[in-house]
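Remarks on the structure that follows.
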Number of protein chains: 2
Amino acid sequence: MSEAAAEVVRAMIVDGRLAGGERINEVRLSGELGLSRTPLREALSGLVAEGALIARPRLGFFVAPLSLNEFEQLYDIRPLLDPEALRLAGVPDAKSLARLERLDHQIATAHLGEHAITLDDEWHFALIEACPNKVLLELIASIMRRTRRYELALMRETEHVHRANAEHARIMAALRARDLDGACAALKRNMQSGKVPIVAWLKARDVARKVGKWG
Amino acid sequence: MSEAAAEVVRAMIVDGRLAGGERINEVRLSGELGLSRTPLREALSGLVAEGALIARPRLGFFVAPLSLNEFEQLYDIRPLLDPEALRLAGVPDAKSLARLERLDHQIATAHLGEHAITLDDEWHFALIEACPNKVLLELIASIMRRTRRYELALMRETEHVHRANAEHARIMAALRARDLDGACAALKRNMQSGKVPIVAWLKARDVARKVGKWG
DNA sequence: TGATTGCATACTGTATACAGTACGCCGCAT
DNA sequence: ATGCGGCGTACTGTATACAGTATGCAATCA
């Protein structure tokens, strides 16, 4: 039950119903979710560990604000982890390659940006799911969760969706040629390029904030 | 208060007072710690997120058992993260280098194994503390916390302490020569070598377990 | 008029009470 | 003797009540 609550609250944060910096009113939120404060607080504590919330003693829980620094630092970690996971996983078998192709096709035809982001994460996870290091996979998944907020926020405000199909294609081509090193290198570049548009948006947004303060 | 409880319970797990696989009796433990179940449960939930505990619905919290698989996977991640953190941090300044030397000296003369382990972690953290990517540092710190259980358990059972001073010396030499790449490479080797004795011990231990089951 | 202090309110953090469930034990039947 | 079923106990999960504190507002004084 508190696990379900964590799921719901995480979704509320990720999709922006709970805005960055907002203070969480436990009494009201527990009422809205139809449970009492105790399990809600356990869920919120878990989200603190995930980095989605910040707990300030005597003040309660706050939604972690979107921070350019945090985002850049998070995104700089994936180029370290994903290529290594792919290297450990090896070239996917025919079945997995087919699944990756299907996902790519779905991404290309996805109309909703949110859906495209989910599919992109699925694609990256399918790429490395054979990796025997499950701790590494869990780490990657947790970073995916933490960055999804940023990707969704960008999408909501700009309608821009980062179409990575060309990069996916390069990775797939290397895999079909059984060139694991080449695929890892292409994956690393793919991870690095995803960062650019969001950083640009966050910087513009921060500037807008400052102007807002002056005005 | 629940934060303090988390600290205490974490220490109890790390130093073995709460053994791997053990079930946690919330009522008794809350009594021992002098608080009520509510804040204790929040602390335990946090430890679940850290990987120190496992929550099984309707059964409560269990201390995560020592697992050869988890340990190998955790330790295989540090050679990815630490060298990159060092690369981003750059060659430490003179003051930091002096501190690293002091720590090395303390490690060499440390008689208690537990103290040596703490000092080794301190050394590795001091090495990369200038890294601007704080998320990466936090990740490394969390992996340190998760592996410390294993290192302490090994130490308790075998009195063996992995003396990494020779490897530290190689890293320091490279840094003094301002050879960042060389230092990163040496650090990577250092991270990989730390794994060996503990893996050997865990394997022997698992075999002993099986024999125990037969006997 | 502006600043400061006291107060009221609302919210967090903790304790406790209660309900529901898992597990062990004893009795019974085969 | 062994397997099975019912029961009691103990523990988890949730709700709620209470205490302590932060915050906003108003009133008073400079």
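So that the names make sense, note that chain A is the first sequence line, chain B the second, and so on, each numbered from 1.
For A:N69, the side chain to side chain donor-acceptor pair (under 3.5 Å) test picks out no residue, with sequence neighbours left out. With sequence neighbours excluded, the residues that form a side chain to side chain donor-acceptor pair (under 3.5 Å) with B:S96 are B:D93. For A:E22, there are no salt bridge (Lys or Arg N to Asp or Glu O under 4.0 Å) partners, not counting sequence neighbours. Not counting sequence neighbours, the partners of B:R99 by the salt bridge (Lys or Arg N to Asp or Glu O under 4.0 Å) test are B:E122, B:E129. Under the salt bridge (Lys or Arg N to Asp or Glu O under 4.0 Å) criterion, B:R41 pairs with A:E42, B:E26, not counting sequence neighbours. For the salt bridge (Lys or Arg N to Asp or Glu O under 4.0 Å) test, residues two or more places apart in sequence or in another chain that qualify with B:R87 are B:E84, B:D181. Under the side chain to side chain donor-acceptor pair (under 3.5 Å) criterion, B:R189 pairs with no residue, sequence neighbours left out.
Contacts between residues 27-36 of chain A and DNA chain D, defined by a heavy-atom separation below 4.0 Å, involve A:L35, A:S36, listed by number.
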Could you list, one pair per line, each protein nitrogen or oxygen that sits under 3.5 Å from a nitrogen or oxygen of nucleotides 6-10 of chain D, together with the distance?
none

Could I get a table of every N or O pair under 3.5 Å where one atom is in the protein and the other is in nucleotides 19-21 of chain C?
none

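Overall bending of the helix from C:dT1-D:dA30 to C:dT30-D:dA1, expressed as the angle between end axes built from five pairs apiece, is 10° (10° steps).
Evaluation of the salt bridge (charged side-chain N to carboxylate O under 4.0 Å, His left out) test over residues 48-74 of chain A, restricted to residues two or more places apart or in two chains, returns A:R10-A:E50, A:E70-A:R146, A:E72-A:K195.
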